[in-house]
Amino acid sequence: MENKNRYYNLLKEDNGKHNEIDLGEKIGLNEEETMEIISQLLSEHRIEYEENKACNYRVLKKPNKKNGR
């Protein structure tokens with residue numbers, strides 16, 4: 001869980017400058033661990049697959065909680 005949050009924050013800060021595997025390596029994750037975290041973030045709708053410069057994923061903005069939702 002801690003690695004997932006660290007990776008998510010790094011992905012957000014990086015803004016597509018590095019590919020997703022290199023970002024994982026920056027925090028000590030191997031490719032398999034990185035792909036597992038990406039899979040979890042995708043299923044939580046926190047990121048989406050979209051080419052974003054060097055990276056293939058981008059962070060989704062949080063939806064507004066207007067109208068009592």
Side-chain angles (χ1 to χ4, degrees):
M1 184 71 143
E2 179 184 329
N3 282 337
K4 182 171 67 172
N5 290 330
R6 288 176 56 209
Y7 184 83
Y8 175 78
N9 290 329
L10 186 60
L11 185 65
K12 189 186 316 186
E13 291 170 15
D14 188 67
N15 196 28
K17 294 177 191 154
H18 299 91
N19 75 38
E20 57 276 4
I21 303 303
D22 290 343
L23 287 176
E25 289 176 353
K26 257 185 164 177
I27 59 172
L29 303 173
N30 63 34
E31 184 174 350
E32 185 178 319
E33 293 168 320
T34 300
M35 294 310 295
E36 177 64 30
I37 288 173
I38 288 171
S39 175
Q40 292 172 8
L41 291 171
L42 284 167
S43 69
E44 295 170 4
H45 304 285
R46 294 175 70 188
I47 65 173
E48 71 177 356
Y49 180 83
E50 180 181 289
E51 291 184 20
N52 182 18
K53 302 173 191 164
C55 190
N56 289 320
Y57 299 91
R58 75 175 187 95
V59 174
L60 293 173
K61 295 182 180 181
K62 293 183 180 180
N64 290 338
K65 293 194 174 190
K66 291 183 179 180
N67 299 330
R69 289 184 178 181

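Keep in mind that the numbers below use all heavy atoms, side chains included, and drop hydrogens, waters and symmetry copies.
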Any idea which heavy atoms bring Tyr57 and Leu42 closest together, and the distance? CE2-CD1, 3.9 Å
Reported CD-to-CD1 distance for the pair Glu20 and Ile37, which is rounded to 0.5 angstrom: 12.5 Å
To the nearest 0.5 Å, tell me how far Leu41 CG sits from Leu11 CG. 7.5 Å
Would you say that more than 12 heavy atoms from the other residues, nucleotides or ligands in this model lie under 6.0 Å from the CD of Glu31, or not? no
Would you name the heavy atoms of Lys17 and Ala54 that are closest together and state the gap between them? O-CB, 3.6 Å
Which heavy atom of Asn19 sits nearest to which heavy atom of Asp22, and what is that distance? OD1-N, 2.8 Å
Find out if a path of hydrophobic residues (ILVMFWY) with successive side-chain heavy-atom gaps under 4.5 Å connects Met1 to Leu29. no
Pairing residues for Glu36 by the side chain to side chain contact (heavy atoms under 4.5 Å, CB included) criterion, not counting sequence neighbours: Gln40
Looking at CD of Glu33 and CD1 of Ile21, how far apart are the two atoms once the value is rounded to the nearest 0.5 Å? 11.0 Å
Approximate separation, where rounding is to 0.5 Å, of His18 NE2 and Lys53 NZ: 11.5 Å
Return the NZ to CZ distance between Lys4 and Arg46, rounded to the nearest 0.5 Å. 6.0 Å
Which value, rounded to the nearest 0.5 Å, describes the distance between Ile47 atom CD1 and Tyr8 atom OH? 9.0 Å
